[in-house]
Amino acid sequence: PRSRELTRKDLLKKHLTRAMAASARHAREFHIMPQTFVLPHEYTAFVAATNIWIMKPVGLSRGRGIEVIDDVSAVRYSDSVVVQRYVGRPLLLGGYKFDLRLYVLVTSFNPLEAFLYREGFARVSTRAYDVTAEGLRDRFVHLTNSSIQATRDSPLLDGELHETGGTKASLTYLWARLRRARVPVDRLWSDITALVVKALVACEPGVPAQPNAFELFGFDVLVDAALRPWLLEVNASPQMDRDHALDRRVKEALIRVCSARRVVACSRRERPS
Ligand code: ADP
């Protein structure tokens, strides 16, 4: 219940801000999401900070209603939106932007019990990265959502992979390719794991204790060129469509392992302790 505390872009920001306020150390440790303002009430602070921004409706997904802007006057006030600092120097894969879709099964919030699936997806853009003003409006450069990129072929992945995944590749493929480029993948994975735990811990106070409930979350994470992972957002009940051979392999094994974990977690809670 109340998983929206994690999945609504404005509520996630509220919880992370509260966690950051506890101390200087917390301010550092919980700075896992790019700076975000909820409009209209944080308008004054937002206009004071010049940058490239990404504007997102608070409750939508799959890239709907998102725009990259470099001009405050382009902000829309008709819907509830957050504006977030645009991570302009992402880690690129062969010149293309990508982000990570990670799967996290939460079987209990209080006490926290969560499982991060080791496989997942790198979602890759289909047009080479370009952060000039002309390129900013190009969704095929900046938004890595599969639902946006799916209409195009991937110049990076086509011909490279044996297992088709549309504009997605598996994490296994991503890590192998990054290792070849001498990226310290083990350290990156451990930083990503810490980011997932911090997001869950920050939102925990907003979620009621509820035995025998579970939720599978899809975490969207972007890694910048300095190898720092940033949390973009969290989705509840992520899509389980199996459009490609890769989806079948990754998601079917995920569903099996989630069912097994959920049964173990629920039966453990039913035992008298
Ligand atoms: P949605 O719920 O519509 O999928 P996201 O927050 O996941 O919204 O954003 C969609 C896409 O936009 C991401 O997959 C990523 O490629 C890009 N994106 C989102 N936020 C940022 C950001 N702060 N910096 C750079 N790229 C971003």
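When a ligand or atom number is given, it counts from 1 through the structure's own listing order.
In terms of protein heavy atoms, atom 27 (C) of ligand 1 is closest to Ile54 CD1, 3.7 Å. Of all protein heavy atoms, the one lying nearest to atom 11 (C) of ligand 1 is Asn145 OD1, 3.2 Å. In terms of protein heavy-atom proximity, atom 1 (P) of ligand 1 is closest to Glu233 OE2, 3.2 Å. Remark: minimum distance from atom 17 (C) of ligand 1 to any protein heavy atom is reached at His142 O, 3.6 Å. Distance from atom 26 (N) of ligand 1 to its nearest protein heavy atom, with residue and atom name: Lys97 NZ, 2.8 Å. For atom 16 (O) of ligand 1, the nearest protein heavy atom (residue, atom name, distance) is Thr144 OG1, 2.7 Å.
Comparing Leu100, Leu222, Asp99, Leu231 by heavy-atom distance to atom 14 (O) of ligand 1, the nearest is Asp99.
Every atom of ligand 1 is numbered from 1 in the order shown, and the set under 4.0 Å from a heavy atom of Leu143 is 12 (O), 16 (O). Applying the 4.0 Å criterion to heavy atoms of Lys9 picks out, from ligand 1, the atoms 1 (P), 2 (O), 6 (O), 8 (O). The contact set between ligand 1 and Leu60, taken as ligand atoms under 4.0 Å from a residue heavy atom, comprises 2 (O).
Looking only at distances, no side-chain donor or acceptor of Lys198 sits under 3.5 Å from a matching main-chain atom of Phe30. With Ser154 contributing its side chain and Thr167 its backbone, the two residues share no donor-acceptor pair below 3.5 Å. The backbone N or O of Phe140 lies less than 3.5 Å from a partner atom in the side chain of Asp138, making a donor-acceptor pair.
For ligand 1, the polar-atom distance check against Val87 finds a nitrogen or oxygen pair separated by under 3.5 Å. In terms of polar-atom proximity, defined here as any N/O pair under 3.5 Å, Lys56 does make such a contact with ligand 1. For ligand 1, the polar-atom distance check against Ile66 finds no nitrogen or oxygen pair separated by under 3.5 Å.
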